[in-house]
Amino acid sequence: MGYGTLPMLLASDGEVDFSIHHLIPYQFMGTTVYITTSHVCMLLIMLTIIIFALIARKKIMHADEVPTGLQNVVEFAVETLQGFVGSTMGSHAGKYINYIGTLFLFVLLSNISGLFGLRPPTADYGTTFSLAIITFCMIQYNNFKCNKFGAITGLFQPLPFLFPINLIGEFATPISMSLRLFGNVMSGTVMMALFYGLLPIFVKIGIPAALHTYFDLFSGAIQAYVFSMLTMVFVSDKIGE
Amino acid sequence: MNQITNEGLILACSTIGAGLAMIAGIGPGIGQGIAAGQGAAAVGRNPGARGDIVSTMLLGQAVAETTGLYGLVVALLLMYGNPMLSRFLKL
(Lines give C-alpha, C1' and ligand atoms only; values in the text may rest on other atoms or scores of the structure.)
Protein backbone atom coordinates (compact mmCIF):
# COMPACT_ATOMS: atom_id res chain seq x y z
CA MET A 1 0.00 0.00 0.00
CA GLY A 2 1.12 3.53 -0.54
CA TYR A 3 2.65 2.73 -3.91
CA GLY A 4 1.80 4.83 -6.96
CA THR A 5 0.56 8.35 -7.26
CA LEU A 6 -2.83 7.89 -5.62
CA PRO A 7 -3.88 10.50 -3.08
CA MET A 8 -3.42 9.26 0.45
CA LEU A 9 -6.79 10.17 1.88
CA LEU A 10 -5.90 10.38 5.55
CA ALA A 11 -2.15 10.76 5.28
CA SER A 12 -2.30 13.77 2.98
CA ASP A 13 -2.12 16.26 5.84
CA GLY A 14 1.32 14.96 6.81
CA GLU A 15 0.23 14.15 10.36
CA VAL A 16 -1.03 10.59 10.16
CA ASP A 17 1.64 8.57 8.41
CA PHE A 18 1.95 4.82 8.31
CA SER A 19 2.78 4.20 4.67
CA ILE A 20 5.97 2.64 3.37
CA HIS A 21 8.46 5.32 2.36
CA HIS A 22 10.71 5.06 -0.68
CA LEU A 23 14.27 5.92 0.29
CA ILE A 24 16.73 5.13 -2.50
CA PRO A 25 15.63 4.53 -6.11
CA TYR A 26 17.64 2.23 -8.34
CA GLN A 27 17.23 0.54 -11.70
CA PHE A 28 16.44 -3.15 -11.80
CA MET A 29 15.83 -4.80 -15.18
CA GLY A 30 14.57 -1.58 -16.72
CA THR A 31 12.13 -0.55 -13.99
CA THR A 32 12.71 1.79 -11.09
CA VAL A 33 12.42 0.05 -7.74
CA TYR A 34 13.10 1.43 -4.31
CA ILE A 35 14.92 0.61 -1.12
CA THR A 36 12.04 1.15 1.30
CA THR A 37 11.73 1.56 5.05
CA SER A 38 10.84 -2.13 5.26
CA HIS A 39 14.28 -3.09 3.92
CA VAL A 40 16.07 -0.82 6.36
CA CYS A 41 14.10 -2.09 9.36
CA MET A 42 14.62 -5.69 8.28
CA LEU A 43 18.35 -5.05 8.00
CA LEU A 44 18.43 -3.58 11.51
CA ILE A 45 16.55 -6.59 12.88
CA MET A 46 18.88 -9.02 11.13
CA LEU A 47 21.89 -7.15 12.50
CA THR A 48 20.41 -7.35 16.01
CA ILE A 49 19.85 -11.10 15.70
CA ILE A 50 23.31 -11.70 14.22
CA ILE A 51 25.11 -9.66 16.88
CA PHE A 52 23.16 -11.39 19.64
CA ALA A 53 23.98 -14.77 18.08
CA LEU A 54 27.70 -13.95 17.91
CA ILE A 55 27.79 -12.81 21.53
CA ALA A 56 25.80 -15.86 22.65
CA ARG A 57 28.11 -18.14 20.66
CA LYS A 58 31.17 -16.65 22.28
CA LYS A 59 29.57 -17.06 25.68
CA ILE A 60 28.60 -20.68 25.05
CA MET A 61 32.10 -21.55 23.77
CA HIS A 62 33.45 -20.64 27.20
CA ALA A 63 30.45 -22.00 29.10
CA ASP A 64 30.59 -22.52 32.83
CA GLU A 65 29.31 -25.55 34.71
CA VAL A 66 26.91 -23.33 36.67
CA PRO A 67 25.32 -20.92 34.17
CA THR A 68 25.19 -17.22 34.97
CA GLY A 69 23.93 -14.10 33.19
CA LEU A 70 23.65 -14.35 29.44
CA GLN A 71 24.35 -18.08 29.40
CA ASN A 72 21.21 -18.55 31.51
CA VAL A 73 19.13 -16.58 29.02
CA VAL A 74 20.47 -18.48 26.00
CA GLU A 75 19.99 -21.88 27.63
CA PHE A 76 16.46 -20.96 28.67
CA ALA A 77 15.64 -19.80 25.13
CA VAL A 78 17.01 -22.95 23.53
CA GLU A 79 15.22 -25.22 26.01
CA THR A 80 11.93 -23.38 25.46
CA LEU A 81 12.36 -23.70 21.72
CA GLN A 82 13.11 -27.42 21.97
CA GLY A 83 10.03 -27.98 24.10
CA PHE A 84 7.90 -25.86 21.75
CA VAL A 85 8.97 -27.66 18.58
CA GLY A 86 9.21 -31.09 20.21
CA SER A 87 5.69 -31.02 21.60
CA THR A 88 4.23 -30.25 18.16
CA MET A 89 6.39 -32.18 15.71
CA GLY A 90 7.47 -35.10 17.87
CA SER A 91 10.30 -37.13 16.37
CA HIS A 92 10.68 -34.84 13.33
CA ALA A 93 11.60 -31.87 15.51
CA GLY A 94 15.36 -32.16 14.91
CA LYS A 95 15.15 -31.33 11.21
CA TYR A 96 12.96 -28.25 11.62
CA ILE A 97 14.04 -26.72 14.92
CA ASN A 98 16.57 -24.38 13.28
CA TYR A 99 14.13 -23.00 10.76
CA ILE A 100 11.29 -22.63 13.28
CA GLY A 101 13.60 -20.86 15.73
CA THR A 102 14.82 -18.44 13.07
CA LEU A 103 11.28 -17.78 11.87
CA PHE A 104 9.97 -17.19 15.38
CA LEU A 105 12.80 -14.84 16.35
CA PHE A 106 12.56 -12.86 13.11
CA VAL A 107 8.79 -12.44 13.22
CA LEU A 108 8.84 -11.62 16.93
CA LEU A 109 11.52 -8.96 16.58
CA SER A 110 9.80 -7.57 13.47
CA ASN A 111 6.49 -7.28 15.28
CA ILE A 112 7.88 -5.57 18.36
CA SER A 113 10.08 -3.21 16.34
CA GLY A 114 7.12 -0.78 16.34
CA LEU A 115 8.02 -0.23 19.98
CA PHE A 116 11.39 1.24 18.94
CA GLY A 117 9.89 3.70 16.49
CA LEU A 118 10.53 1.63 13.38
CA ARG A 119 7.86 0.65 10.92
CA PRO A 120 7.47 -3.12 11.34
CA PRO A 121 8.64 -5.01 8.23
CA THR A 122 5.79 -7.48 8.77
CA ALA A 123 3.36 -4.62 8.08
CA ASP A 124 4.55 -4.91 4.47
CA TYR A 125 2.65 -7.57 2.54
CA GLY A 126 5.82 -8.48 0.63
CA THR A 127 7.52 -9.73 3.78
CA THR A 128 4.67 -11.83 5.13
CA PHE A 129 3.87 -13.29 1.73
CA SER A 130 7.50 -14.34 1.25
CA LEU A 131 7.48 -16.07 4.64
CA ALA A 132 4.21 -17.82 3.77
CA ILE A 133 5.63 -18.93 0.40
CA ILE A 134 8.55 -20.58 2.22
CA THR A 135 6.05 -22.40 4.44
CA PHE A 136 4.03 -23.42 1.38
CA CYS A 137 7.13 -24.87 -0.31
CA MET A 138 7.99 -26.80 2.86
CA ILE A 139 4.45 -28.19 3.08
CA GLN A 140 4.34 -29.31 -0.54
CA TYR A 141 7.89 -30.71 -0.50
CA ASN A 142 7.06 -32.88 2.50
CA ASN A 143 3.72 -33.81 0.94
CA PHE A 144 5.38 -35.18 -2.20
CA LYS A 145 8.32 -36.67 -0.32
CA CYS A 146 6.27 -38.61 2.25
CA ASN A 147 3.06 -39.39 0.38
CA LYS A 148 4.63 -39.94 -3.06
CA PHE A 149 1.72 -40.36 -5.50
CA GLY A 150 -0.76 -39.99 -2.66
CA ALA A 151 -0.16 -36.24 -2.79
CA ILE A 152 -2.05 -36.17 -6.11
CA THR A 153 -4.69 -38.77 -5.31
CA GLY A 154 -5.28 -37.14 -1.94
CA LEU A 155 -6.76 -34.17 -3.77
CA PHE A 156 -9.54 -36.43 -5.09
CA GLN A 157 -10.52 -37.60 -1.60
CA PRO A 158 -13.17 -38.17 -0.35
CA LEU A 159 -15.11 -37.60 -3.59
CA PRO A 160 -13.59 -37.01 -7.05
CA PHE A 161 -15.58 -33.89 -7.86
CA LEU A 162 -14.19 -32.16 -4.77
CA PHE A 163 -10.84 -31.80 -6.59
CA PRO A 164 -11.16 -28.03 -7.33
CA ILE A 165 -12.08 -27.26 -3.73
CA ASN A 166 -9.15 -29.31 -2.39
CA LEU A 167 -6.78 -27.59 -4.83
CA ILE A 168 -7.99 -24.14 -3.76
CA GLY A 169 -7.63 -25.25 -0.15
CA GLU A 170 -3.96 -26.08 -0.72
CA PHE A 171 -3.25 -22.69 -2.27
CA ALA A 172 -5.33 -20.78 0.28
CA THR A 173 -2.95 -21.80 3.08
CA PRO A 174 -0.12 -19.31 2.32
CA ILE A 175 -2.58 -16.53 1.52
CA SER A 176 -4.50 -16.89 4.76
CA MET A 177 -1.29 -17.22 6.80
CA SER A 178 0.30 -14.14 5.26
CA LEU A 179 -2.87 -12.06 5.47
CA ARG A 180 -3.32 -13.01 9.13
CA LEU A 181 0.15 -11.79 10.09
CA PHE A 182 -0.04 -8.74 7.83
CA GLY A 183 -3.50 -7.72 9.01
CA ASN A 184 -2.64 -7.99 12.68
CA VAL A 185 0.57 -5.98 12.50
CA MET A 186 -0.90 -3.48 10.04
CA SER A 187 -3.92 -2.85 12.26
CA GLY A 188 -1.58 -2.15 15.18
CA THR A 189 0.51 0.21 13.05
CA VAL A 190 -2.58 2.07 11.80
CA MET A 191 -4.00 2.38 15.31
CA MET A 192 -0.74 3.77 16.68
CA ALA A 193 -0.38 6.20 13.77
CA LEU A 194 -3.96 7.43 14.24
CA PHE A 195 -3.43 7.82 17.97
CA TYR A 196 -0.20 9.75 17.58
CA GLY A 197 -1.43 11.78 14.62
CA LEU A 198 -4.97 12.87 15.39
CA LEU A 199 -5.32 13.34 19.13
CA PRO A 200 -4.33 16.40 21.21
CA ILE A 201 -1.00 16.43 23.02
CA PHE A 202 -2.22 15.78 26.58
CA VAL A 203 -3.67 12.36 25.61
CA LYS A 204 -0.27 11.23 24.36
CA ILE A 205 1.33 11.14 27.81
CA GLY A 206 1.30 7.72 29.41
CA ILE A 207 -1.66 6.25 27.52
CA PRO A 208 0.38 5.07 24.46
CA ALA A 209 2.31 2.75 26.79
CA ALA A 210 -0.80 0.60 27.25
CA LEU A 211 -1.52 0.62 23.51
CA HIS A 212 2.09 -0.31 22.70
CA THR A 213 1.92 -3.13 25.20
CA TYR A 214 -1.14 -4.56 23.55
CA PHE A 215 -0.50 -3.92 19.85
CA ASP A 216 3.26 -4.42 19.71
CA LEU A 217 4.20 -6.77 22.53
CA PHE A 218 1.11 -8.93 23.16
CA SER A 219 -0.30 -9.08 19.63
CA GLY A 220 3.16 -9.37 18.10
CA ALA A 221 4.20 -12.25 20.34
CA ILE A 222 0.88 -14.06 19.76
CA GLN A 223 1.20 -13.68 16.00
CA ALA A 224 4.81 -14.87 15.94
CA TYR A 225 3.73 -17.89 18.00
CA VAL A 226 0.77 -18.57 15.73
CA PHE A 227 2.76 -18.25 12.52
CA SER A 228 5.48 -20.69 13.58
CA MET A 229 2.91 -22.99 15.22
CA LEU A 230 0.82 -23.16 12.03
CA THR A 231 3.94 -23.85 9.97
CA MET A 232 4.79 -26.78 12.25
CA VAL A 233 1.20 -28.09 12.30
CA PHE A 234 0.84 -28.02 8.51
CA VAL A 235 4.25 -29.60 7.89
CA SER A 236 3.83 -32.39 10.45
CA ASP A 237 0.30 -32.96 9.14
CA LYS A 238 1.76 -33.78 5.70
CA ILE A 239 4.61 -35.89 7.10
CA GLY A 240 2.17 -38.13 8.96
CA GLU A 241 3.48 -40.80 11.26
CA MET B 1 -26.41 17.10 -6.54
CA ASN B 2 -24.72 18.77 -9.49
CA GLN B 3 -21.70 19.93 -7.49
CA ILE B 4 -20.51 16.39 -6.75
CA THR B 5 -17.61 15.43 -8.98
CA ASN B 6 -17.10 11.87 -10.16
CA GLU B 7 -13.92 11.50 -8.09
CA GLY B 8 -15.70 12.82 -5.00
CA LEU B 9 -18.51 10.32 -5.45
CA ILE B 10 -16.02 7.46 -5.82
CA LEU B 11 -14.11 8.56 -2.72
CA ALA B 12 -17.28 8.90 -0.66
CA CYS B 13 -18.64 5.52 -1.71
CA SER B 14 -15.25 3.86 -1.12
CA THR B 15 -15.14 5.24 2.40
CA ILE B 16 -18.68 4.01 3.10
CA GLY B 17 -17.65 0.64 1.68
CA ALA B 18 -14.63 0.55 3.99
CA GLY B 19 -16.94 1.14 6.93
CA LEU B 20 -19.30 -1.58 5.76
CA ALA B 21 -16.39 -4.00 5.30
CA MET B 22 -15.52 -3.68 8.98
CA ILE B 23 -18.91 -5.23 9.88
CA ALA B 24 -16.89 -8.42 9.35
CA GLY B 25 -15.47 -7.77 12.82
CA ILE B 26 -18.67 -9.06 14.44
CA GLY B 27 -18.06 -12.70 13.54
CA PRO B 28 -14.53 -13.09 14.96
CA GLY B 29 -15.65 -11.20 18.07
CA ILE B 30 -18.38 -13.75 18.76
CA GLY B 31 -16.07 -16.64 17.87
CA GLN B 32 -13.22 -15.47 20.09
CA GLY B 33 -15.65 -14.86 22.93
CA ILE B 34 -17.00 -18.40 22.66
CA ALA B 35 -13.43 -19.78 22.56
CA ALA B 36 -12.41 -17.76 25.63
CA GLY B 37 -15.53 -18.86 27.51
CA GLN B 38 -14.93 -22.52 26.70
CA GLY B 39 -11.28 -22.09 27.69
CA ALA B 40 -12.28 -20.64 31.04
CA ALA B 41 -14.71 -23.54 31.59
CA ALA B 42 -11.98 -26.04 30.68
CA VAL B 43 -9.52 -24.47 33.14
CA GLY B 44 -12.25 -24.60 35.80
CA ARG B 45 -12.79 -28.30 35.17
CA ASN B 46 -9.10 -29.23 34.88
CA PRO B 47 -6.81 -26.58 36.41
CA GLY B 48 -3.75 -28.80 35.91
CA ALA B 49 -3.92 -28.54 32.11
CA ARG B 50 -3.94 -24.75 32.16
CA GLY B 51 -0.89 -24.25 29.93
CA ASP B 52 -2.14 -26.54 27.16
CA ILE B 53 -5.63 -25.07 27.29
CA VAL B 54 -4.40 -21.48 27.06
CA SER B 55 -2.07 -22.17 24.12
CA THR B 56 -4.76 -24.13 22.24
CA MET B 57 -7.27 -21.38 22.91
CA LEU B 58 -4.93 -18.63 21.68
CA LEU B 59 -4.13 -20.60 18.51
CA GLY B 60 -7.82 -21.15 17.79
CA GLN B 61 -8.62 -17.52 18.45
CA ALA B 62 -5.86 -16.34 16.15
CA VAL B 63 -7.17 -18.58 13.37
CA ALA B 64 -10.76 -17.45 13.97
CA GLU B 65 -9.56 -13.85 13.68
CA THR B 66 -8.62 -14.35 10.02
CA THR B 67 -12.03 -13.58 8.55
CA GLY B 68 -12.17 -10.30 10.42
CA LEU B 69 -8.70 -9.44 9.14
CA TYR B 70 -9.87 -10.08 5.57
CA GLY B 71 -12.47 -7.38 6.20
CA LEU B 72 -9.76 -5.10 7.58
CA VAL B 73 -7.56 -5.64 4.51
CA VAL B 74 -10.49 -4.83 2.21
CA ALA B 75 -11.21 -1.67 4.21
CA LEU B 76 -7.54 -0.59 4.12
CA LEU B 77 -7.38 -1.22 0.37
CA LEU B 78 -10.52 0.84 -0.19
CA MET B 79 -9.20 3.72 1.89
CA TYR B 80 -5.51 3.83 0.92
CA GLY B 81 -4.99 1.72 -2.20
CA ASN B 82 -8.34 2.63 -3.77
CA PRO B 83 -8.57 0.41 -6.86
CA MET B 84 -11.85 2.05 -7.95
CA LEU B 85 -10.33 5.52 -8.18
CA SER B 86 -7.25 4.35 -10.08
CA ARG B 87 -9.47 2.47 -12.52
CA PHE B 88 -11.58 5.59 -13.04
CA LEU B 89 -8.52 7.82 -13.54
CA LYS B 90 -7.15 5.39 -16.12
CA LEU B 91 -10.35 5.48 -18.22
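These values consider heavy atoms only, across backbone and side chains, with no hydrogens, waters or symmetry-generated copies. Every chain is numbered from 1, with letters handed out A, B, ... down the list of sequences.
The side-chain contact (heavy atoms from CB on, under 4.5 Å) test with F171(A) is passed by exactly one of L167(A), T173(A), I175(A): L167(A).
Interface remark: Y225(A) contributes side-chain atoms only to the contact with chain B (heavy atom separation under 4.5 Å). V190(A) touches chain B through its side chain: at least one heavy atom from C-beta onward sits under 4.5 Å away, while N, CA, C and O do not. Interface remark: S14(B) contributes no atoms to any contact with chain A (heavy atom separation under 4.5 Å).
Heavy atoms only, all atoms of each residue included: P208(A) and V203(A) are closest at CD-O, 4.0 Å.
Ring geometry, Y125(A) versus F182(A): the interplanar angle exceeds 60°, so the pair is classed perpendicular (tilted spans 30 to 60°).
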Exercise. After noting the C-alpha distance and the side-chain angles of R180(A) and T66(B), does the key distance pass the side-chain hydrogen bond (donor to acceptor under 3.5 Å, both in side chains) rule?
Worked result: CA-CA 6 Å; R180(A) 182 178 303 127; T66(B) 313; 2.7 Å; yes
